[in-house]
Student: 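Dropping the structure in here first, questions after.
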Amino acid sequence: MLKPLWSRQSPTVRKCLCLTSRAPMLLLLLLCHLHLTTEMKQDSVRSAAYAVDCEDYVHVVEFSPFDSGEACSLIAYGGNNYVVVGTCRFQEEDAEVEGIQYKMLRTFHHGIRVDAIAWSPETRLNSLPPQIRFCTAAADRKLRLFTSDLQEKNEYKIFDGHSDYINDLVFAPKEGQVIASVGDDHTCRVWDLEGNQKAYFVLHSPGVSVCWHPEEAFKLMVAEKNGTIRFYDLTTQQAILSLESGQMPLMSADWCLKNTFRIGAVAGNDWLIWDIRYPQDKRPVHADRAKLFRWSRVNENLFATTGYPGKMSSQLLVHHSGHPQPILIGSAAVGSGLTWHRTLPLCAVGGDHKIFFWITEM
């Protein structure tokens, strides 16, 4: 026998029905809708699937976007004085792994706070000897290029040229023989591996993000805090295309690996997506202003954003462009940095002596 409608409701909804027995039906429906919406929102808030303990506060964390030659994924995180390089393997890719299998390979003394990390495509774990190569941006406004064989050879070179904080850097994705960086000094600079400047672009405001796409080796994407994203032709060293967010401050932008026409960014409280062939789409996302935007490396419709550290505990939001609401809300303590796994719909955020990992559905 079917139970009456009243008894099939949750206690909260029954309370709504009781309190509103004389109220108009519209108010009743509104209260029930608010209750169900709250329940759905709570269901989407998740703590991290996995966590790794770290020896320092994690300011930035980066999965290598390149194939290392081995089944595991390379990950690096930067703290106040160190860069730590390790490998990760997850149960989602290997049935013999329970949860996460993390192995620290080496700690590199850095001596100063790490603000950004970029991996070189020349990094290989299956070569003899193995080669680890990455570049960092630091609080002293210098770049450091690290090269190691994880044994005797551990060296770094300092690139000096930026006159203010460096916000982002990236290796050329094919050969890895040049590095691009952007900073608060209103410049984008391109360096060879000896620290010589090969190109120099004057910006109209602080540079916040720089991206190189493996399918567009002669183009560089540079995002500025004033809301402009420009593409530069590295052969002619001229700007060839620009996009406007129409709002400030633009804090982060990314070029979609799976679709060269798609650009994403966060500006103010909103995320914005351009398909270069069509008008932009945008949506409010972080009440406390947005900080970072990163595309998934396996799905062109999946992306993540973070809010400003220090204001809210739920910093990470994972979005699907086909859904009006975030599909995952990360509930870990305040974090910094944001990176996606190379082959899984899994992203990581740094925190206080921890790295947090979330896995999501495609």
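The shown structure was predicted, so the numbers you read here are calculated from the model rather than taken from an experiment.
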Student: Work out which heavy atom in Met248 is nearest to a heavy atom in Gly227; give both atom names and the distance.
Tutor: CG-N, 4.4 Å
Student: Could you check Glu215, Glu300, Arg297 and say which one makes a side chain to side chain contact (heavy atoms under 4.5 Å, CB included) with Leu257?
Tutor: Arg297
Student: Any salt bridge between Arg283 and Asp270, counting N to O under 4.0 Å?
Tutor: no
Student: Ignoring hydrogens, what is the shortest heavy-atom contact between Ala137 and Ile166? Give both atom names and the distance.
Tutor: CB-CG2, 3.7 Å
Student: Does His286 use its side chain to pair, donor to acceptor, with the backbone of Asp288 at less than 3.5 Å?
Tutor: no
Student: Could you tell me if Glu122 and Gln177 have a donor-acceptor pair between their side chains, going purely by distance under 3.5 Å?
Tutor: yes
Student: Do Ser148 side-chain atoms and Asn154 backbone N/O form a donor-acceptor pair below 3.5 Å?
Tutor: no
Student: Using a 4.5 Å cut-off on heavy atoms from C-beta on, say whether the side chain of Ile359 contacts that of Glu92.
Tutor: yes
Student: If you define the side chain from C-beta out and look only at heavy atoms, does anything of His186 sit under 4.5 Å from Pro206?
Tutor: yes
Student: Let me see the working for Asp184 and Asn167 under side chain to side chain donor-acceptor pair (under 3.5 Å), right down to the final yes or no.
Tutor: CA-CA 7 Å; Asp184 284 351; Asn167 295 315; 2.8 Å; yes
Student: Say whether His59 and Asn80, considering side chains only, have a donor N or O and an acceptor N or O under 3.5 Å apart.
Tutor: yes
Student: State yes or no: are the ring centers of His110 and Phe108 separated by less than 6.0 Å?
Tutor: no
Student: Taking Thr339 for the side chain and Phe63 for the main chain, is one N or O donor matched with an acceptor at less than 3.5 Å?
Tutor: yes
Student: Are the side chain of Glu224 and the backbone N or O of Ser205 linked by a donor-acceptor pair below 3.5 Å?
Tutor: yes
Student: Distance alone, cut at 3.5 Å: any donor-acceptor contact between the side chains of Asn81 and Arg113?
Tutor: no
Student: Assess, by modelled atom type and distance only, whether the side chains of Ser181 and His162 contain a donor and an acceptor separated by less than 3.5 Å.
Tutor: yes
Student: So, the side chain of Trp295 versus the backbone of Asp254: is there a donor-acceptor pair under 3.5 Å, distance only?
Tutor: yes
Student: Given 3.5 Å as the limit, does a donor-acceptor pair link the side chain of Asp192 with the main chain of Asn196, or not?
Tutor: yes
Student: Do the two ring centres, one from Phe231 and one from Trp255, sit under 6.0 Å apart?
Tutor: yes
Student: Would Tyr77 and Leu105 show up in the same hydrophobic cluster when neighbours are defined by side-chain heavy atoms closer than 4.5 Å?
Tutor: no
Student: Answer yes if the ring centres of His109 and Tyr82 are under 6.0 angstrom apart, and no otherwise.
Tutor: yes
Student: Would you tell me whether Thr306 and Gln315 have side-chain atoms, one donor and one acceptor, within less than 3.5 Å of each other?
Tutor: no
Student: If every non-hydrogen atom of Phe356 is compared with every non-hydrogen atom of Ala51, which pair is closest and at what distance?
Tutor: CD2-CB, 4.1 Å
Student: Just by distance, no angles: are the side chains of Gln247 and Lys282 close enough, under 3.5 Å, to form a donor-acceptor pair?
Tutor: yes
Student: For the residue pair Thr136 and Arg144, confirm or rule out a side-chain donor-acceptor distance under 3.5 Å.
Tutor: no
Student: Quick one: sort the Tyr50 and Phe90 rings into parallel, tilted or perpendicular, breaks at 30° and 60°.
Tutor: tilted
Student: Would you name the heavy atoms of Leu220 and Cys211 that are closest together and state the gap between them?
Tutor: CD1-O, 3.6 Å
Student: Side-chain heavy atoms under 4.5 angstrom apart, residues restricted to Ile, Leu, Val, Met, Phe, Trp, Tyr: same cluster for Ile329 and Trp271?
Tutor: yes
Student: In the single-linkage hydrophobic clustering (I, L, V, M, F, W, Y; side-chain heavy atoms under 4.5 Å), do Phe171 and Trp119 co-cluster?
Tutor: no
Student: For the pair His323 and His320, name the ring-plane relationship: parallel under 30°, tilted 30 to 60°, perpendicular over 60°.
Tutor: perpendicular
Student: Take Arg89 and Asp94 through the test salt bridge (Lys or Arg N to Asp or Glu O under 4.0 Å) and record every step on the way to the result.
Tutor: CA-CA 7 Å; Arg89 191 88 173 131; Asp94 186 345; 3.5 Å; yes
Student: Consider only side-chain heavy atoms of I, L, V, M, F, W and Y, link residues closer than 4.5 Å, and tell whether Tyr102 and Val85 are in one cluster.
Tutor: no
Student: So does Ala253 get a backbone contact from the side chain of Ser209, meaning a donor-acceptor N/O pair under 3.5 Å?
Tutor: yes
Student: So, does Gln197 use its side chain to make a donor-acceptor pair with the main chain of Trp191 at under 3.5 Å?
Tutor: no
Student: State, with a plain yes or no, whether a side-chain heavy atom of Cys88 is found less than 4.5 Å away from one of Ile100.
Tutor: yes
Student: How are the rings of Phe293 and Phe303 set to each other: parallel, tilted or perpendicular (split at 30° and 60°)?
Tutor: parallel
Student: Hydrophobic cluster membership, with links at side-chain heavy-atom distances under 4.5 Å among I/L/V/M/F/W/Y: are Val182 and Tyr165 in one?
Tutor: no
Student: Answer yes or no: is there a donor N or O on one side and an acceptor on the other, between the side chain of Trp340 and the main chain of Arg294, under 3.5 Å?
Tutor: yes
Student: Does Phe66 have Arg342 sitting over its ring (NZ/CZ under 6.0 Å from centre, angle to axis within 45°)?
Tutor: no
Student: Donor-acceptor pair, distance only, cut-off 3.5 Å: does the side chain of Trp358 make one with the backbone of Arg46?
Tutor: yes
